[in-house]
Each structure stands twice: as C-alpha cells, then as structure tokens.
Amino acid sequence: MNQRLVEIGVGLFVAAGLAALLVLALQVSGLAELRQGTGYQVTAKFENVGSLREQAPVSMAGVRIGRVEAIELDPASHRATVHMRIKERYDSIPEDSTAAIYTAGLLGEQYVGLQPGWESESLDDGDRIADTQSAVVLERLLGQFLTNTQE
Amino acid sequence: MIGLLRMLGARTLEGLRGLGEAVLLVARILRAAPAVALRPRLLIEQLYAVGVQSMVIILVSALFIGMVLGLQGYYTLADFGATEAVGTMVALSLVRELGPVVTALLFAGRAGSSLTAEVGLMKATEQLSSMEMMAVDPERRILAPRFFAALIAVPLLTAVFSVIGILGGYLVTVGMIGVDSGPFWSNMQNAVTIRDDILNGVIKSAAFGLLAGWITLHKGYTAVPTSSGVSRATTRGVVHASLAVLGLDFLLTALMFE
C-alpha cells in the first residue's frame with residue numbers, strides 16, 4: 001500500500017473521529033448554547049423548586065430565552081435560590097416580571113416560565129425577580145383537594 | 001480426588017501466571033511509549049490497519065443500530081404520548097452504553113482478531129525471534145505501535161459510531177415517521193450533558209480500547225507457535241476481550257452514573 005495513501009487515510013480517520021466528538025459536544029449536548037459569560041444572570045427565590053434541575057430551560061411566552069445555571073438553598077430564608085442566565089438579545093424584560101415553575105406536558109421536565117410585567121425598567125445582570133410562584137407538588141395538591149372535599 | 005485437587009490447583013496457578021504475564025507485558029509496552037513517539041510511521045501504519053479499515057463496519061452497524069433504536073423507542077414512547085423524547089432516548093443509550101460497548105465488541109472482532117493472528121503468526125514463523133537476533137526489540141517494534149493504535153482508534157471509532165447512530169435514529173423517527181425535528185434535538189440537548197454523558201463515554205471507550213488491544217496482543221504474543229495454536233489464540237483473544245469489555249462496562253457504569 002502506498003505510504004502516502006495510508007497517511008491520508010489515517011488523517012481522514014482522525015479528523016472524522018475528532019469531528020464526531022465535536023458534533024457530540026455541540027449538537028448532542030447543546031454545549032454551544034450555554035457558554036459561560038454570554039447573556040446576563042438574574043436570580044429568583046422560590047418556596048419550592050420541585051424537580052427543577054440545572055440546565056432546565058427558562059422561557060417567556062413559550063420561547064426559550066435562557067437556562068437555569070444553578071440552584072441552591074438560601075441558608076437564611078430556607079428558600080431555593082435559582083440562578084438563571086438569559087440570552088443577551090432579550091435585554092428588555094420588564095423588571096416586575098414574575099417567575100413560575102411549570103411542567104412541560106404531563107410527564108415532561110420542569111422549566112421556569114417568566115410572565116412579563118409592565119415596568120419600563122428592564123432586568124439587568126444580577127437583578128432579582130421578586131414575585132415568584134413555586135412548583136406544583138402533586139402530593140400537596142392532592143392533600144388540599146382531599147381536605148376540601150371532606151369539609 | 002487428589003488428582004482433581006491437583007488439576008484445580010494447576011489451573012488456578014496457570015490462570016494467575018497468565019494474568020501476571022499480561023500485566024508485565026502491558027507495563028513493558030507502556031514503557032516503550034517514547035520509542036513509539038519517536039517513530040510515528042509505525043503507529044500510523046497500525047492506525048490505518050485497526051482504525052481506518054474498521055470504519056466501514058462501524059458506520060454500517062451504527063446506522064442500523066440507531067435506526068432500530070429510533071423505531072423501538074418510538075413504538076414504546078408512543079404509548080405514553082411522549083414521542084418527542086425519542087431523541088433523548090437514542091442519544092443517551094448510544095453515548096452512554098451502546099456506542100462504547102458495541103464499538104469495542106466490533107473492534108475486538110474486526111481488528112483484535114487480526115492483531116492476535118498477525119502477532120501469533122509472526123511468532124510461529126519465528127519472525128519475532130529473528131528480530132531479537134538482530135537486536136530489535138519485538139515488544140517495541142511490533143506490540144507497542146499496535147497497542148497504542150488500538151488505544152487511539154477505539155475512542156475515535158466510538159465517537160463516529162454515536163454520531164452516525166443518532167443520525168440513524170433521526171432518519172427513522174424524523175424522516176420516516178414524522179416526529180418533529182425541533183423537540184428531537186432540543187430534548188436531547190437538555191438531557192445530554194457534556195461531562196456526565198459524553199466525557200464518561202469517551203473515558204469508557206478509551207478503557208475498552210486499552211483492554212481490547214492489550215488482551216488480543218497478549219494472546220497473540222503468547223500463542224503456541226503452531227497453526228492450531230494461533231487459531232486457538234485468535235478465538236480466545238476475541239472471546240476474552242469481548243467478555244472483559246462487557247464486565248468492565250458494568251463496573252464503569254456502576255461507578256460513573258449514579
């Protein structure tokens with residue numbers, strides 16, 4: 001076998017393998033969208049985040065505008081602090097917007113939905129969304145339903 | 001009774017000796033790494049033999065496995081009205097398990113068998129001992145380039161396998177059945193993480209490449225130098241490498257994914 005052809009073949013092979021790794025990283029795991037530093041960060045405190053996970057979508061009017069970056073427990077208030085990173089181009093979200101945790105479909109994963117407010121001031125990096133609505137926990141809902149029907 | 005005990009003891013000792021021999025062999029091969037780096041031509045030739053020439057079987061199997069996964073996943077998920085999750089299912093099962101394992105099994109069959117047969121035949125025809133006569137170290141010259149070629153080729157083949165498999169699943173579910181392509185990709189991107197899934201898959205495949213190359217080369221290098229000995233070593237190499245890959249996969253999965 002011609003040495004040159006062997007080398008070209010190996011070069012192609014290695015390039016194809018590396019390209020496949022790149023596709024896995026970018027297209028399959030969606031790394032391209034969550035590069036650090038692009039967009040601005042806002043936080044919101046929730047009574048209960050349910051099964052919300054990091055990397056969950058943040059959407060407004062059904063359009064994905066960002067992702068959940070971190071979820072932690074605030075030791076002072078015992079509430080969950082959710083850090084979200086919103087894409088740069090959605091920079092005119094009203095300051096008094098509200099955040100709620102919804103479930104996509106009946107069995108789907110949970111996401112943060114933002115409802116626009118009316119203020120002309122818009123959210124900036126580091127701002128906090130004050131008005132939040134927790135995740136619906138099925139057991140709690142059933143419990144309420146049962147106590148209501150008993151009355 | 002005594003005879004049985006004696007046989008059992010001899011078998012155990014022989015197994016332990018083989019294991020020690022294999023570990024010492026891989027230690028000597030690893031020490032030959034600088035020698036391989038100095039002569040990249042040998043490595044390139046072996047990469048061609050074990051990597052490039054395995055591409056066709058990897059591409060074809062990946063496409064069909066991905067298509068079957070998509071089809072079966074669709075049928076099951078359709079009962080729950082969650083057909084958009086089919087992309088997630090195909091991608092996770094390929095990246096975490098099927099990609100590394102099936103690639104390693106195919107590699108052991110396609111490239112590992114030829115490694116054992118080649119090295120075993122070199123031994124049977126006394127090419128290895130004549131190399132030693134010429135003060136050429138066969139472990140450096142013959143074994144090390146093949147070992148490192150397997151170590152490099154398997155992760156690359158696995159990455160190609162996973163991508164082509166996902167493409168196969170996409171073709172069947174989005175192209176033929178008509179699942180929407182938006183949720184197919186976005187659900188997948190939400191579920192698959194780079195560190196937990198993709199990096200662990202790459203680590204797995206490197207471990208499998210090391211194991212497959214190591215076992216098949218060891219079987220060839222220690223083959224009984226007759227034609228039946230080489231054929232037995234080839235069979236054993238493929239069988240042992242496949243079993244070792246499957247066993248290690250269980251261990252690694254238990255360690256990696258909680």
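Throughout, a chain's letter reflects where its sequence line sits, starting with A, and its residues are numbered from 1.
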Heavy-atom neighbours of B/Gln127 CD exceed 12 at 6.0 Å: yes
Separation of B/Ile194 CD1 from A/Leu26 CG (nearest 0.5 Å): 7.5 Å
Part of B/Ile198 lying under 4.5 Å from any heavy atom of chain A: side chain
Per-residue contact mode, B/Ile44 against chain A (heavy atom under 4.5 angstrom): both
Heavy-atom closest contact (B/Gln189 atom, A/Arg67 atom, distance): O-NH2, 4.4 Å
Segment of A/Leu12 engaging chain B (4.5 angstrom heavy-atom cut-off): neither
Interchain contact, B/Met188 with chain A, by part (heavy-atom threshold 4.5 Å): both
Distance, nearest 0.5 Å, that separates CG of B/Asp197 from CG of A/Leu24: 10.5 Å
For the student: nearest non-hydrogen atoms of A/Phe13 and B/Leu47, plus distance: CE2-CD2, 4.2 Å
Where B/Ala159 and A/Gly17 come nearest, the two heavy atoms and their spacing: CB-O, 3.8 Å
Residue part contacting chain A, namely of B/Ala153, when any heavy atom lies under 4.5 Å: both
